[in-house]
Each structure stands twice: as C-alpha cells, then as structure tokens.
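First up is the structure itself, then whatever we jot down about it.
Throughout, protein chains are lettered first and strands after them, A, B, ... in sequence-line order, and every chain is numbered starting at 1.
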Protein chains: 2
Amino acid sequence: MGTAERLIESAQQLLWERGYVGTSPKAIQQLAGAGQGSMYHHFAGKPDLALQAIRRSAEELRAQAEEKFSQPGTAYERIAAYLLRERDVLRGCRVGRLAHDPEVAGSPALREPLGETFAYLRRRIEELLEEGLEQGEFVGGMVPADVAAALVAVVQGAYVLAQSAGSVQEFERAVRGGLNLLAAYTA
Amino acid sequence: MGTAERLIESAQQLLWERGYVGTSPKAIQQLAGAGQGSMYHHFAGKPDLALQAIRRSAEELRAQAEEKFSQPGTAYERIAAYLLRERDVLRGCRVGRLAHDPEVAGSPALREPLGETFAYLRRRIEELLEEGLEQGEFVGGMVPADVAAALVAVVQGAYVLAQSAGSVQEFERAVRGGLNLLAAYTA
DNA sequence: GTCTATATAGTGATAGAC
DNA sequence: GTCTATCACTATATAGAC
C-alpha cells in the first residue's frame with residue numbers, strides 16, 4: 001500500500017474519531033508513518049486530504065447501506081435491515097458526525113459528500129416505501145419522501161442520543177421506536 | 001452584568017457555533033471583552049468554564065421544550081408543537097451538536113448535561129404518548145418509550161441532514177415525516 | 001518521493017505587577 | 001479582580017537537501 005493510500009486511511013480514521021477541527025495533519029502523518037514533506041507532496045494540505053478521506057468514507061457508507069436495501073424481502077424488512085445494521089455506535093457515524101463541524105459546514109466542497117450521502121439514503125428509502133405502497137404492504141396516508149427523511153434522521157439522531165448518554169441502548173431504543181412507528185403503517 | 005457572566009454567555013455562543021474542540025479560551029475572552037487573567041480568576045480553566053456554559057445551555061433548552069409540552073391540546077398537538085418549534089436550524093442544536101465532540105464524549109462531566117437533557121425530552125414525550133393512549137387518542141401497538149426516543153432522534157437527526165445539505169428544508173422534511181409516522185397511530 | 005529544518009500563529013495556562 | 005508578560009506546546013504549513 002502506497003503512502004498516499006495510508007495517509008487517506010489514517011485521515012478517515014481520525015476524522016471519524018475527532019472530526020475535522022480536532023484532527024491535525026501531524027496526527028495523520030504519525031498514524032500513517034509518513035513525514036511532513038511526504039504528506040504535502042501527495043496532498044495540497046489538510047483540506048485536500050480531508051476531502052479525499054471524506055469522499056471515501058461516504059462511498060463506503062453508501063455501499064454498506066445498499067447491501068441492506070438490496071436484500072430480498074418486503075420493503076419493511078429491508079428498511080429494518082438497514083436500521084438494525086451492526087454499527088460501532090459509540091464511535092458515531094463517520095459521515096454524520098462531520099455535519100456540525102464548523103470547517104466542514106462552512107465549506108461547500110467538504111460538505112458535499114455528506115449531502116450526497118444523505119440524499120442517497122433518503123431517496124433509496126423513499127423508493128422502498130413507494131414500492132411497499134404499490135404492493136399494498138403499507139396503508140395510505142403515508143408521505144414516502146417525508147417518512148424516508150425521518151427514518152434517516154432517526155439513525156443520525158440515535159447516534160447523538162447514544163453518545164450523549166454514553167450508552168448503546170439509547171441508540172437501540174430510538175431505532176426500535178422508528179420501526180414501531182413505521183409498523184403502524186403496515187396493512 | 002459581571003465579567004464571569006459575560007464569559008459564560010460568550011462560551012455558550014462559541015460552543016454552539018464551533019463545539020468544544022473548536023473553541024479556544026482566547027476567543028471566549030475576546031468575545032467577552034475580558035483579559036486572560038480575568039478568565040482564569042473566575043474559572044479553573046477551559047473545561048470548567050465550558051461545563052458551566054453547557055449546563056446553562058441545557059437548562060435553557062429544556063425550558064424552551066417544556067413551554068411546548070405544557071401547552072393546552074392533545075398529546076399529538078403538544079408533541080407537534082415541540083417538533084415544529086421555531087429553530088435556528090443551520091446553527092444546529094446547541095446541546096446535541098456537542099455529542100460527537102471527542103473531548104465532550106470523553107468526559108463524563110461535560111457529557112452529563114447532554115445525557116440529562118435527552119433523557120428529560122424522551123421521558124416527557126413518553127408521558128404525553130401514554131396519556132394519549134389512555135385517552136384513546138392513539139391506537140394500541142405503540143411502545144411509548146421507544147417512540148419517544150425516536151421522535152427526539154428525528155429532531156437531532158434532522159439538524160444533521162439540514163447542515164449536511166446546507167438547507168433548512170431537509171430539517172423540515174424529516175420533522176414532517178416524524179409527524180406523518182406518529183399520525184399513523186392516531187385513532 | 002521523502003527527510004529535516006524552519007516559520008508564523010494559535011492554544012491553554014501560569015506568574016506576578018497593579 | 002484585572003492586566004501584561006511569559007511559557008511550553010501544537011497547528012499548518014514552506015524550503016530545500018537528499
């Protein structure tokens with residue numbers, strides 16, 4: 001594995017743990033086992049390296065989600081598979097945790113992979129809900145676009161509750177609640 | 001207003017905008033118009049000042065929420081009032097935005113006001129849901145504790161979606177979706 | 001491509017005068 | 001109580017040798 005590759009993966013890990021503001025180039029270099037000059041040879045600076053790391057993390061997250069969405073089963077089952085997916089809850093969401101970072105929120109470029117990821121998740125769940133409605137799996141009255149956004153938000157909010165309490169159970173309770181709500185629409 | 005008071009309010013504002021890691025004592029002092037020595041006279045250091053600021057923000061948030069919860073109306077209406085409450089969405093939640101901060105998440109003392117706030121919100125909504133169930137406002141099958149957690153999570157997640165997209169509409173869509181889901185349980 | 005040296009600014013705090 | 005001075009350390013690079 002090349003040095004540039006190791007730097008990106010180290011940046012991914014540190015961004016996940018400490019966010020953008022909390023991650024220094026020096027820390028990335030040390031984790032990657034690379035010198036100062038080496039990093040600045042491969043990347044223009046911290047924002048450049050961070051952007052590549054964020055893009056990579058966002059892609060990986062979408063791929064993990066798609067695995068669950070494209071399973072066999074009913075719409076409800078596939079959405080449940082996504083919500084109940086195994087997660088390292090107390091590490092937080094490696095994409096969503098960056099949303100409040102002032103340098104990320106303030107930079108359209110750094111923010112773009114986040115926006116794209118959540119737009120993708122929402123759209124994908126919306127499609128499943130529409131499919132379920134057509135097949136009579138859900139009763140009427142549901143607004144798929146809104147409900148899909150709410151379900152994506154439940155997962156992101158569940159991370160916030162869990163980290164605030166220092167307990168995985170808070171995550172699980174919120175996700176169960178999301179599914180309990182969705183179940184109210186099942187025919 | 002005393003210097004200590006101005007320092008706390010300045011810290012509240014900067015913690016809201018930039019989080020704990022992104023907020024320096026110097027920045028707080030400048031915003032408060034106080035010198036270095038003045039801050040260290042009134043507070044033991046950054047963690048001490050931050051703790052007092054976080055506690056204050058958490059209290060204020062709970063008071064704002066309680067205003068909506070204790071309104072007249074049905075359980076659904078009062079929960080909706082909380083969800084639809086006016087918010088400075090793109091500034092994020094001043095309490096929830098700290099949950100992913102590594103120094104906050106890693107400090108039981110700094111984290112405690114967050115955990116307390118979300119426990120309060122969840123419990124309060126759970127009470128409203130139970131009240132609604134008893135009065136026949138909601139149909140059976142609902143698990144109040146789980147649904148309450150999900151609704152709190154929807155709000156926190158909605159902030160994440162909005163900041164990621166740089167658009168308030170994402171917040172509004174997720175919250176509408178949360179209410180659309182809850183409406184499925186109304187008798 | 002990688003290394004060491006150097007630079008400027010900021011961080012979080014202490015010391016001691018006023 | 002507040003101020004200025006100072007400190008050791010880190011952040012984010014740039015320069016230039018190898």
Any side-chain N or O of K26(B) less than 4.0 Å from the OP1 or OP2 oxygen of dG10(C)? no

According to a strict under-4.0 Å criterion, is T3(B) in side-chain N/O contact with OP1 or OP2 of dG1(D)? no

To the nearest Å, how far apart are Q29(A) CD and dT14(D) P? 13 Å

Rounded to the nearest 0.5 angstrom, the CD-OH distance for E66(B) and Y120(B) is 3.0 Å

Does NZ or CZ of K46(A) come closer than 6.0 Å to the centre of the six-membered ring of Y40(A), within 45° of the ring's axis? no

Can you find a side-chain donor-acceptor pair between Q12(A) and R94(A) that sits under 3.5 Å? no

Tell me: CZ of R18(B) to C1' of dA11(D), nearest whole Å? 13 Å

Taking the nucleotide of DNA chain D with the closest heavy atom to each, which residue, A44(A) or S38(B), is nearer the 5' end? S38(B)

Consider only side-chain N and O atoms of T117(A) and R62(A), and report whether a donor and an acceptor are under 3.5 Å apart. yes

For M39(B) and dG12(C), give me the distance from atom CE to atom C1', rounded to whole Å. 8 Å

Pick base, sugar-phosphate or nothing for G37(B), based on heavy-atom distances below 4.0 Å to the nucleic acid. base

Tell me whether the side-chain N/O atoms of H41(A) come closer than 4.0 Å to OP1 or OP2 in dC3(C). no

